[in-house]
Asks: 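Following this message is one structure expressed as structure tokens.
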Amino acid sequence: MCRYALALHTTSPGLGLSLSNFTDNCRVKTWELDKEISTHLHSYLLDFLQPQTWEDLNLIAVAKGPGSFTGTRVGVVTARTLAQQLQIPLWGISTLAGFLWSQKAHYQVATPIPIFMNASRGQVFAAIYQIRSDGLGLDTHLPDTTLTLELWQETLSTLVTPYSPLELPTDVSNSVESVLELAYLASMQGKTSHWSEVIPFYGQNPV
């Protein structure tokens with residue numbers, strides 16, 4: 001069981017942080033930092049953690065992309081460093097999955113839900129998930145991938161679902177609580193995730 005779990009979301013213009021013991025104490029806060037995330041992340045994180053301490057944590061989650069190249073890299077590197085030093089599990093959660101989970105009240109269980117966000121060069125970052133029947137997170141039909149618009153439309157044409165594709169807004173930092181919840185649900189199923197296994201999903205090479 002978790003004492004406290006911490007989540008970081010840095011893949012979009014905002015910084016999102018969430019801390020919870022999943023019983024009676026949950027905090028969420030976001031900041032509009034854009035390109036200053038790398039400059040202010042550590043100081044905001046220290047302030048946000050109080051009155052808890054690093055020793056109170058036994059799980060960390062991080063949005064691993066897709067999204068901003070710099071923001072994603074900073075968030076994942078920070079989370080990996082913390083998990084390594086604290087010797088606690090680190091969960092990398094898809095930005096797409098985290099946002100979908102924040103919208104789960106609008107969807108039925110066990111039904112494919114396409115989700116995407118615009119990328120550059122005429123492409124999209126896309127995935128297809130469905131909410132598990134037991135409510136313990138998401139099952140994956142199509143893992144996060146990068147597709148041309150044409151190929152994405154072809155993929156959707158073969159998909160049997162009542163839902164239109166869910167498009168991510170520009171800033172999804174406020175879905176950080178869902179990132180934390182997905183990690184917690186996975187851990188409650190007895191799954192484990194070592195910090196060394198968490199790799200950023202950039203989707204495209206930076207230009």
Side-chain angles (χ1 to χ4, degrees), residues 7-14 16 60-80 89-104 106-107 109-132 136-159 161 163-187 189 191-207:
L8 297 77
H9 202 314
T10 62
T11 70
S12 61
I60 296 177
V62 63
K64 66 176 183 179
S68 159
F69 180 86
T70 299
T72 300
R73 177 180 57 81
V74 168
V76 172
V77 168
T78 300
R80 279 170 57 102
L90 172 64
W91 290 88
I93 303 297
S94 158
T95 302
L96 300 175
F99 182 72
L100 174 56
W101 192 249
S102 74
Q103 305 296 308
K104 63 183 182 296
H106 303 293
Y107 296 95
V109 301
T111 304
I113 307 164
I115 181 169
F116 75 101
M117 63 185 294
N118 288 318
S120 59
R121 308 167 214 166
Q123 295 180 318
V124 295
F125 302 125
I128 299 173
Y129 295 102
Q130 71 178 34
I131 302 169
R132 290 172 50 126
L136 299 178
L138 301 171
D139 286 329
T140 304
H141 276 257
L142 175 68
D144 291 13
T145 188
T146 306
L147 301 173
T148 63
L149 289 171
E150 292 77 13
L151 188 53
W152 178 228
Q153 291 302 321
E154 290 179 16
T155 302
L156 293 174
S157 69
T158 65
L159 183 67
T161 178
Y163 301 118
S164 299
L166 175 62
E167 182 177 2
L168 269 69
T170 301
D171 189 356
V172 291
S173 57
N174 59 359
S175 64
V176 63
E177 187 175 4
S178 294
V179 167
L180 185 59
E181 186 173 349
L182 285 173
Y184 175 74
L185 290 173
S187 69
Q189 297 173 57
K191 300 177 182 179
T192 60
S193 182
H194 192 263
W195 65 265
S196 62
E197 301 170 358
V198 178
I199 306 297
F201 176 79
Y202 296 124
Q204 293 176 328
N205 293 323
V207 293

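Numbering of residues begins at 1 and proceeds along the displayed sequence.
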Asks: Ignoring hydrogens, what is the shortest heavy-atom contact between Gly75 and Thr10? Give both atom names and the distance.
Replies: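 Smallest interatomic distance, heavy atoms only, reads CA-OG1, 3.2 Å.
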Asks: Find out whether Lys191 and Trp91 are in side-chain contact, i.e. whether some heavy atom of one side chain is under 4.5 Å from a heavy atom of the other.
Replies: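 They are in contact (side-chain heavy atoms under 4.5 Å apart), so the answer is yes.
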Asks: Can you check side-chain contact (heavy atoms from CB on, under 4.5 Å) on Leu142 and Thr140, steps first, answer last?
Replies: CA-CA 6 Å; Leu142 175 68; Thr140 304; 5.7 Å; no
Asks: Could you check if a side-chain atom of Glu181 sits within less than 4.5 angstrom of a side-chain atom of Lys104, using non-hydrogen atoms only?
Replies: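 Yes - at least one pair of side-chain heavy atoms lies under 4.5 Å apart.
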Asks: Working note: Gln189 + Arg132, criterion side-chain contact (heavy atoms from CB on, under 4.5 Å); need CA distance, chi angles, decisive distance, verdict.
Replies: CA-CA 13 Å; Gln189 297 173 57; Arg132 290 172 50 126; 3.3 Å; yes
Asks: Apply side-chain contact (heavy atoms from CB on, under 4.5 Å) to the pair Ile113 and Ile128, showing each step before the final yes or no.
Replies: CA-CA 5 Å; Ile113 307 164; Ile128 299 173; 5.9 Å; no
Asks: Look at the side chain of Thr111 and the backbone N and O of Val109, then say whether any donor-acceptor pair between them is shorter than 3.5 Å.
Replies: yes
Asks: Can you label the angle between the Tyr202 ring and the Phe69 ring as parallel, tilted or perpendicular, going by 30° and 60°?
Replies: tilted
Asks: Working to the nearest 0.5 Å, report the span between CH2 of Trp195 and CD of Glu197.
Replies: 10.5 Å
Asks: Where do Val198 and Val76 come nearest, in terms of heavy atoms and distance?
Replies: O-CG1, 4.0 Å
Asks: Nearest 0.5 angstrom please: His106 NE2 to Leu100 CG, how far?
Replies: 10.5 Å
Asks: For Thr11 and Ser68, does a side-chain donor sit closer than 3.5 Å to a side-chain acceptor?
Replies: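 Note: Thr11 and Ser68 side chains miss the donor-acceptor criterion.
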Asks: Taking all heavy atoms of Ala97 and all of Leu182, pick out the closest pair and write down the distance.
Replies: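 Closest approach of Ala97 to Leu182, heavy atoms only: O-CD1, 3.7 Å.
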Asks: Is there side-chain contact between Gln123 and Leu147, with at least one heavy-atom pair below 4.5 Å?
Replies: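 No - every pair of side-chain heavy atoms lies 4.5 Å or more apart.
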Asks: Hey, could you give me the OH/OG distance between Tyr184 and Ser187, rounded to the nearest 0.5 Å?
Replies: 6.5 Å
Asks: Closest heavy-atom contact between Thr78 and Val74?
Replies: OG1-O, 2.8 Å
Asks: Side chains of Ser94 and Tyr129: does their closest heavy-atom pair fall under 4.5 Å?
Replies: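 Yes, close enough: below the 4.5 Å cut-off.
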Asks: Does any part of the side chain of Thr161, heavy atoms only, come nearer than 4.5 Å to the side chain of Gln130, both counted from C-beta?
Replies: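 Side chain of Gln130 against side chain of Thr161, heavy atoms only: no contact under 4.5 Å found.
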Asks: Grab the two heavy atoms, one from Gly98 and one from Ser178, that are nearest each other, plus how far apart they are.
Replies: O-CB, 3.2 Å
Asks: To the nearest 0.5 Å, what is the distance between CD1 (Ile93) and CG (Leu180)?
Replies: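 It is 9.0 Å, given to the nearest 0.5 Å.
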Asks: Could you give the distance from CD (Glu167) to CZ (Phe116), rounded to the nearest 0.5 Å?
Replies: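 Answer rounded to 0.5 Å: 3.5 Å.
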Asks: Considering only heavy atoms from C-beta outward, does the side chain of Gln153 approach that of Val124 to under 4.5 Å?
Replies: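 No, too far: nothing below the 4.5 Å cut-off.
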Asks: Do Thr170 and Ser12 make a side-chain contact, defined as non-hydrogen atoms from C-beta onward lying under 4.5 Å apart?
Replies: no
Asks: Determine the interplanar angle of the Tyr107 and Tyr163 rings, folded into 0 to 90°, and report it as parallel if under 30°, tilted if 30 to 60°, perpendicular if over 60°.
Replies: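 Plane angle over 60°, so perpendicular.
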Asks: Do you know the tightest heavy-atom contact between Pro165 and Leu156?
Replies: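 For Pro165 versus Leu156, the nearest heavy atoms are CG-CD1, 3.5 Å.
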Asks: Using the side-chain contact (heavy atoms from CB on, under 4.5 Å) rule, take Val179 and Val62 through it: C-alpha gap first, then chi angles, then the decisive distance, then the call.
Replies: CA-CA 7 Å; Val179 167; Val62 63; over 6 Å; no
Asks: CZ/Arg80 to CG/Leu90 distance, rounded to the nearest 0.5 angstrom?
Replies: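 Rounded to the nearest 0.5 Å, the CZ-CG separation comes out at 8.0 Å.
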Asks: Please tell me if the side chains of Thr95 and Phe125 come closer than 4.5 Å, counting only heavy atoms from C-beta onward.
Replies: no
